[in-house]
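Okay, so here's the structure we're looking at.
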Amino acid sequence: MENQIQLDPHGESLLQQYRDLLPTLEQIEKDAYNLLHAALREQGIYVTAIEHRVKTEKSLAGKLELKGAKYKSIDDVTDLVGLRIITFYTDEVDKVAAIAKRVFDIDWQESVDKRRHQLDAFGYNSLHYICRMKEGGPRFELQMRTALQHVWSTIEHDTGYKGDFKIPREYKRQFSRLAGMLELVDDEFSRLRLLLTGYRRRIHALVKNGQLDDVPLSADSFRSFLNLHPFDRLNGRIAAVNQAEIYPVSLMPYLRVLEAFGMETLGDVQHFIDENSDNAHQLALSQLAITDLDILSSSAALQYLCLAYVLKHGGGRDGLKKFYDAINGEDEANARLADMMLEQAGTLPFMKSKKGNL
């Protein structure tokens with residue numbers, strides 16, 4: 001049978017104050033969550049979770065049974081409303097704290113920074129703020145910790161490490177070792193993130209300065225390269241065939257095609273453009289001149305560049321179909337497109353020159 005909580009008259013009085021205050025607490029929980037969620041989104045900070053709750057009557061009663069005498073009134077219980085923000089990285093805890101200081105009033109005397117106090121307290125290394133809404137009202141608790149700290153805290157709770165029974169010395173030592181390892185991993189993830197951020201900045205600077213041969217081809221670098229509008233000139237030439245309007249589409253699907261062509265740097269992509277633009281224009285002219293097509297996607301230039309590259313490098317029908325499969329998805333219709341393109345390209349100067357060299 002479950003043990004009944006026994007409260008003295010003072011504890012019962014505090015519990016009744018809680019019941020009277022409950023609607024206010026529920027509103028604070030809602031308002032505080034909404035403020036934090038909006039502020040984090042505004043600052044572009046993505047967290048793994050924002051937990052929030054109002055302490056249940058049962059939980060409060062258990063707390064009051066143990067240490068109700070320390071509270072003069074229910075206002076002295078600072079965790080009736082609790083929020084917890086779980087971040088991905090250690091440095092983000094400080095960013096969240098800065099936001100909390102902006103949107104709430106902080107009770108600095110009651111707040112505590114529990115980070116890095118002792119080795120075996122890794123899961124309790126949260127930053128704890130005792131807050132109040134700007135317009136006033138009861139105080140509430142805001143905990144900020146990383147995902148790994150949260151996982152460790154959950155494991156400690158699940159294993160009963162912080163329970164009432166005494167843990168043997170050798171088990172405590174194992175907990176301490178694991179806590180140290182997790183703290184190191186937490187710090188290393190943050191350090192690696194900073195290194196990668198610096199690397200991306202250097203890559204973007206190289207792209208901006210035109211040092212393309214020094215930039216490895218990747219999704220991130222290709223996206224930066226596209227900001228230079230490298231295909232605009234050829235798109236303009238192709239659109240001029242029918243005075244067509246160009247509408248924007250994503251060119252990222254072409255990245256895997258360029259990689260399949262063996263391109264390793266943005267310099268390789270630029271050389272690819274320079275060496276194939278005239279041939280791509282010939283291909284486009286052969287197709288579009290006999291149509292009245294007056295709308296083209298911004299992928300037209302890159303598409304014809306790829307087609308010209310495949311034809312010039314002996315890809316033939318199979319190479320053309322493989323390209324169409326990569327862009328359009330595998331479909332038998334791509335074989336017909338390949339046949340049509342091969343037939344139309346056969347009369348072009350660069351293809352005649354190629355045949356003459358065979």
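Taking the centre of each ring, F189 and Y89 stay at or above the 6.0 Å mark. Centroid-to-centroid, the aromatic rings of Y129 and F104 stay 6.0 Å apart or farther.
Residue Y18 holds its OH atom at 9.0 Å from NZ of K55, rounded to the nearest 0.5 Å. Between atom NE2 of residue H150 and atom CE of residue M144 there is a gap of 15.0 Å, rounded to the nearest 0.5 Å. Between the NE2 atom in H37 and the CG atom in L83 there is a gap of 12.5 Å [rounded to 0.5 Å]. To the nearest 0.5 Å, atoms CD1 (I203) and CG (D214) are separated by 8.5 Å. Atom CZ of F323 and atom CE of M341 lie 9.0 Å apart (nearest 0.5 Å). The CG atom of L296 sits 6.5 Å away from atom CD1 of I246, with the distance rounded to the nearest 0.5 Å.
Side-chain atoms of H204 and D220 form a donor-acceptor pair, as typed in the model, at a separation below 3.5 Å. With no hydrogens or angles considered, a side-chain donor-acceptor pair links Q143 and E141 at under 3.5 Å. A donor-acceptor pair shorter than 3.5 Å cannot be found between the side chains of Q282 and D278. Under 3.5 Å, the side chains of D186 and T146 contain a donor-acceptor pair of N or O atoms. Looking at S224 and S221, their side chains never bring a donor and an acceptor atom within 3.5 Å of each other. Using a 3.5 Å distance cut-off with no hydrogens or angles, the side chains of D294 and N242 do not pair a donor with an acceptor. Side-chain atoms of Q287 and Q344 form a donor-acceptor pair, as typed in the model, at a separation below 3.5 Å. Residues E330 and N334 bring no donor and acceptor atom of their side chains to less than 3.5 Å of each other.
Salt-bridge annotation for R139 and D79: absent, with no side-chain N of the basic residue lying under 4.0 Å from a carboxylate O of the acidic one. Contact check on K134 versus D105 returns a salt bridge, with a Lys/Arg side-chain nitrogen under 4.0 Å from an Asp/Glu carboxylate oxygen. Here R191 does not pair with D187 in a salt bridge; the nearest charged N to carboxylate O distance is not below 4.0 Å. Between R193 and D91 there is a salt bridge, since at least one side-chain N of the basic residue sits less than 4.0 Å from a carboxylate O of the acidic one.
In this structure, A61 and I5 approach most closely via the heavy-atom pair O-CG2, 3.6 Å. Nearest heavy-atom pair, A280 versus L234, reported as atom, atom and distance to 0.1 Å: CB-CD2, 4.0 Å. Scanning all heavy atoms of the two residues, the minimum distance from I74 to L60 falls at CD1-CD2, 4.1 Å. Listed here is the closest heavy atom pair of R102 and A39: NH2-CB, 4.0 Å. Counting all heavy atoms, side chain and backbone alike, L311 lies closest to A345 at CD1-CB, 3.6 Å. Considering all non-hydrogen atoms of both residues, V257 and A326 come closest at CG2-CB, 4.0 Å.
Around the CD atom of E264, the shell of radius 6.0 Å holds no more than 12 heavy atoms that belong to other residues, nucleotides or ligands. Within a 6.0 Å sphere centred on CZ of R233, heavy atoms belonging to other residues, nucleotides or ligands number 12 at most. With a 6.0 Å radius and a threshold of 12 heavy atoms from other residues, nucleotides or ligands, K322 has its NZ atom at or below the threshold. Residue-environment remark: CD (E135) exceeds the threshold of 12 foreign heavy atoms within 6.0 Å.
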K312 and N276: CA distance, side-chain angles, deciding distance, side-chain contact (heavy atoms from CB on, under 4.5 Å) verdict: CA-CA 9 Å; K312 287 171 65 176; N276 295 285; 3.1 Å; yes
Test log, rule side-chain contact (heavy atoms from CB on, under 4.5 Å), inputs F225 and L228: CA-CA 5 Å; F225 181 62; L228 302 178; 4.2 Å; yes
Verdict with supporting geometry, D268 and L212, side-chain contact (heavy atoms from CB on, under 4.5 Å): CA-CA 8 Å; D268 293 337; L212 303 180; over 6 Å; no
side-chain contact (heavy atoms from CB on, under 4.5 Å) assessment of H281 paired with Y304: CA-CA 7 Å; H281 181 252; Y304 282 111; over 6 Å; no
Side chain to side chain donor-acceptor pair (under 3.5 Å) between Q27 and D31, intermediate numbers included: CA-CA 6 Å; Q27 188 62 48; D31 292 344; 2.9 Å; yes
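Two residues are said to be in side-chain contact when any heavy atoms from C-beta on lie closer than 4.5 Å; I99 and Q43 meet this criterion. Annotation: side chain of N279 is not in contact with side chain of Y309 (no heavy-atom distance under 4.5 Å). Proximity of S73 to Q17: side-chain heavy atoms (C-beta onward) are separated by under 4.5 Å at one or more points. Taking 4.5 Å as the limit, some side-chain heavy atom of Y254 sits within range of a side-chain heavy atom of S299. Residues V269 and L258 meet the side-chain proximity criterion, which asks for heavy atoms closer than 4.5 Å. A 4.5 Å side-chain heavy-atom check between P230 and I273 finds at least one atom pair inside the cut-off. Residues I85 and L40 form a side-chain contact, since some pair of their non-hydrogen atoms from C-beta on lies under 4.5 Å apart. Looking at L25 and E29, their side chains never come closer than 4.5 Å, going by heavy atoms from C-beta outward.
In terms of modelled atom types and a separation under 3.5 Å, the side chain of S286 and the main chain of L283 share a donor-acceptor contact. Judged by distance alone, with hydrogens and angles left aside, the side-chain atoms of T90 form no donor-acceptor pair with the main-chain N or O of S190 at under 3.5 Å. The main-chain N or O of Y71 is found under 3.5 Å from a side-chain atom of H10 such that the two form a donor-acceptor pair. Side-chain N or O atoms of E92 include one that pairs as donor or acceptor with a backbone N or O of F88 at under 3.5 Å. Without hydrogens or angle criteria, T291 side chain to L288 main chain gives a donor-acceptor distance under 3.5 Å. Side-chain atoms of S111 come within 3.5 Å of backbone atoms of D107 as a donor-acceptor pair (strictly under, hydrogens ignored). Of the possible donor and acceptor atoms, none in the side chain of R145 sits under 3.5 Å from a partner among the backbone N and O of L127. Not a single donor-acceptor pair under 3.5 Å links the side chain of T87 to the backbone N or O of V47.
Of the listed residues (L337, D331, V310), just one forms a side-chain contact (heavy atoms from CB on, under 4.5 Å) with Y324, and that residue is L337.
Under the 4.5 Å side-chain contact rule for hydrophobic residues, V207 and M252 share a cluster. Residues L196 and V215 do not share a hydrophobic cluster, clusters being chains of Ile/Leu/Val/Met/Phe/Trp/Tyr side chains in contact below 4.5 Å. M340 and L348 end up in different hydrophobic clusters when Ile, Leu, Val, Met, Phe, Trp and Tyr side chains are linked at under 4.5 Å. When the side chains of ILVMFWY residues are joined at heavy-atom separations under 4.5 Å, either directly or via intervening members, I130 and L80 end up in two distinct hydrophobic clusters. Linking Ile, Leu, Val, Met, Phe, Trp and Tyr residues whenever their side-chain heavy atoms come within less than 4.5 Å leaves Y199 and L192 in two separate clusters.
Between F272 and F261, the two ring planes are tilted [angle within 30° to 60°].
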